[in-house]
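A short write-up of the structure that comes next.
Keep in mind that what you see is a predicted model, and the values were worked out from it rather than measured.
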Amino acid sequence: MSDSSQLISNIMDERKDNIVPIEDSLRTDRHNNDTSASSGCCSMLLTVLSVILIICTLPFSLIFCIKVVNEYERAIMFRLGRLVKGGAKGPGLFFIIPCIDTYRCIDIRTVSFNVPPQLVLSKDSVTVTVDAVVYYRVFNPTVTVCNVENYTLSTQLMAASALRNILGTRVLSDILADRETISSTMQNTLDEATHPWGVKVERVEIKDVKLPQEMQRSMAAEAEAARDARAKVIAAEGEQRAARSLKEAADVISESPSALQLRYLQTLTTIATERNSTIVFPIPMELFKGFGMNQQTLEN
């Protein structure tokens with residue numbers, strides 16, 4: 001019996017705990033309804049008084065009631081601090097009640113700004129200075145006005161932060177070579193961050209990457225050494241091909257003795273064209289054998 005009574009008492013306590021929050025919520029909802037009802041009455045009264053004032057001051061009141069927005073602008077209107085249903089107004093004419101309505105115009109054209117030069121430490125511990133340019137536009141003026149105080153400044157700060165964060169995960173070679181990939185990654189990051197603000201980032205471009213003077217000299221020396229190495233390899237390949245061609249020419253000349261005489265005459269023609277005072281007579285090596293010179297002496 002004691003266990004049953006204890007169980008019943010626990011259930012009653014739980015019910016009491018649940019009843020108290022329900023009563024608090026009902027009291028809060030009743031207060032909100034009363035507040036909204038009173039504010040609705042005040043709004044209605046102020047609206048009626050404003051309309052009467054406009055009618056009494058016609059046609060001069062039309063100067064303050066009719067507003068115009070351009071084709072590239074949208075107007076977000078508030079009535080007694082609340083957003084007017086129907087979304088953004090414009091382009092063209094729209095009507096406001098001067099005493100109770102306020103509005104704000106938002107430019108929906110594409111806007112560009114320069115990201116200030118950011119001093120970034122890359123993944124391989126190299127300090128570089130990078131600046132970029134960002135193109136964006138407002139695609140939802142209502143959300144832009146209601147969700148962020150200054151969307152231009154917020155987008156600029158977000159772009160600077162994203163530039164530092166993305167470049168901090170890349171090595172220097174990637175920053176210099178893969179600018180398009182970095183720009184695409186930065187655009188996706190900014191677009192995802194600014195979407196709740198009604199801002200669409202259309203394009204991001206990396207303008208310039210500045211390296212320290214010491215790093216520039218090191219990279220220049222490295223590039224020069226690489227070019228010298230490639231030049232030596234190319235020269236060696238050329239010498240090899242020239243030697244192979246000379247060997248093939250010697251084989252052809254050795255097969256036909258008259259070819260050597262023709263080559264001699266061609267050489268004389270070339271020398272006579274360039275240097276008329278120089279004449280070269282080739283002496284065959286076989287002539288020296290009659291003077292008692294051996295092959296070793298001739299080779300020396």
Side-chain angles (χ1 to χ4, degrees), residues 69-76 78 83 87-88 90-91 103-227 230:
V69 291
N70 297 321
E71 183 69 28
Y72 54 85
E73 293 179 334
R74 296 295 183 268
I76 310 301
F78 297 90
L83 183 66
Y103 71 96
R104 179 181 174 186
C105 288
I106 298 296
D107 195 334
I108 60 174
R109 293 177 294 181
T110 300
V111 182
S112 63
F113 66 89
N114 290 322
V115 180
Q118 303 294 316
L119 190 63
V120 181
L121 183 64
S122 63
K123 190 176 180 180
D124 50 353
S125 301
V126 178
T127 302
V128 295
T129 302
V130 184
D131 56 350
V133 59
V134 178
Y135 299 87
Y136 72 96
R137 62 179 176 85
V138 175
F139 71 91
N140 193 337
T142 303
V143 175
T144 300
V145 173
C146 296
N147 289 3
V148 62
E149 179 182 2
N150 190 340
Y151 67 94
T152 302
L153 179 61
S154 300
T155 304
Q156 293 177 358
L157 295 177
M158 183 63 69
S161 301
L163 182 63
R164 289 195 301 268
N165 294 334
I166 293 174
L167 295 182
T169 60
R170 302 296 184 96
V171 296
L172 180 60
S173 58
D174 293 341
I175 296 175
L176 296 176
D178 296 337
R179 294 191 180 186
E180 294 183 358
T181 304
I182 295 174
S183 299
S184 178
T185 304
M186 185 176 174
Q187 177 185 351
N188 295 332
T189 303
L190 285 177
D191 193 21
E192 182 179 357
T194 58
H195 189 271
W197 303 340
V199 176
K200 171 67 177 178
V201 177
E202 295 181 341
R203 190 176 183 86
V204 177
E205 291 291 340
I206 303 297
K207 292 177 58 178
D208 191 15
V209 179
K210 297 180 181 179
L211 299 175
Q213 295 294 332
E214 296 79 5
M215 181 61 64
Q216 292 181 11
R217 288 194 292 267
S218 300
M219 294 180 67
E222 181 182 359
E224 185 177 359
R227 286 194 297 269
R230 288 197 297 269

Sole residue of Val69, Val145, Asn140, Thr142 in side-chain contact (heavy atoms from CB on, under 4.5 Å) with Ile106 = Val145
Provide the closest heavy-atom pair for Ala132 versus Leu163 in the form atom of the first, atom of the second, distance.
-> CB-CD2, 4.4 Å
Hey, are Lys200 and Glu202 close enough for a salt bridge, meaning a charged N less than 4.0 Å from a carboxylate O?
-> no
Proximity of Tyr135 and Phe113 rings by center, below 6.0 Å = no
Might you point out which heavy atoms bring Ile108 and Pro141 nearest each other, and give the distance in Å?
-> CG2-CG, 4.0 Å
Working to the nearest 0.5 Å, report the span between CD1 of Ile206 and CG of Asp178.
-> 11.5 Å
Tell me, with the steps shown, if Leu153 and Leu157 meet side-chain contact (heavy atoms from CB on, under 4.5 Å).
-> CA-CA 6 Å; Leu153 179 61; Leu157 295 177; 4.1 Å; yes
Heavy-atom side-chain proximity of Tyr103 to Arg74 below 4.5 angstrom | no
Could you walk me through whether Val171 and Val126 pass the side-chain contact (heavy atoms from CB on, under 4.5 Å) check?
-> CA-CA 8 Å; Val171 296; Val126 178; over 6 Å; no
Any side-chain heavy-atom pair from Tyr136 and Thr152 closer than 4.5 angstrom?
-> yes
Asn114 vs Val133 side-chain heavy atoms within contact, under 4.5 Å = yes
For Asp107, which residues count as a salt bridge (charged side-chain N to carboxylate O under 4.0 Å, His left out) partner, sequence neighbours excluded?
-> Arg109
Do Val128 and Gln118 have side chains that get closer than 4.5 Å, going by heavy atoms?
-> no
Spatial distance of atom CD (Glu149) from atom CH2 (Trp197) [nearest 0.5 Å] | 12.0 Å
Could I get the full list of salt bridge (charged side-chain N to carboxylate O under 4.0 Å, His left out) partners for Arg179, not counting sequence neighbours?
-> none
On a heavy-atom basis, the closest approach of Val115 and Ala160 is CG1-CA, 3.9 Å
Begin with the C-alpha distance, continue with both residues' side-chain angles, and end with the deciding distance and a verdict on salt bridge (Lys or Arg N to Asp or Glu O under 4.0 Å) for Glu205 and Lys207.
-> CA-CA 6 Å; Glu205 291 291 340; Lys207 292 177 58 178; over 6 Å; no
Would you find a donor on one side and an acceptor on the other, under 3.5 Å apart, between the side chain of Ser184 and the backbone of Thr181?
-> no
Taking atom CG of Asp191 and atom CD of Gln187, what is their separation to the nearest 0.5 Å?
-> 6.5 Å
Pair Val120-Thr129, side-chain contact (heavy atoms from CB on, under 4.5 Å): steps then yes or no = CA-CA 6 Å; Val120 181; Thr129 302; over 6 Å; no
Between Leu119 and Thr127, is any pair of side-chain heavy atoms under 4.5 Å apart?
-> yes
Non-hydrogen side-chain atoms of Val134 and Ser112 separated by less than 4.5 Å = no
From CZ (Phe78) to SG (Cys146), nearest 0.5 Å = 4.5 Å
Say you draw a straight line from SG of Cys105 to CD1 of Ile76; how long is it, rounded to the nearest 0.5 Å?
-> 9.0 Å
Please answer whether the main-chain N or O of Arg137 pairs with a side-chain N or O of Thr110 as donor and acceptor at a distance below 3.5 Å.
-> no
In Å and rounded to the nearest 0.5 Å, what is the CG to CG distance from Leu172 to Leu167?
-> 10.5 Å
Residues passing the salt bridge (charged side-chain N to carboxylate O under 4.0 Å, His left out) test with Arg104, sequence neighbours excluded, are none
Side chains of Asp208 and Val130: closer than 4.5 Å at any heavy-atom pair?
-> no
Any side-chain heavy-atom pair from Arg170 and Ile182 closer than 4.5 angstrom?
-> yes
Does Asn147 reach the main-chain N or O of Gly198 with its side chain, forming a donor-acceptor pair under 3.5 Å?
-> no
Side-chain donor/acceptor of Ser122 to backbone N/O of Gly168, under 3.5 Å | no
Would you please test Tyr151 and Val138 for side-chain contact (heavy atoms from CB on, under 4.5 Å) and show each step?
-> CA-CA 9 Å; Tyr151 67 94; Val138 175; 3.6 Å; yes
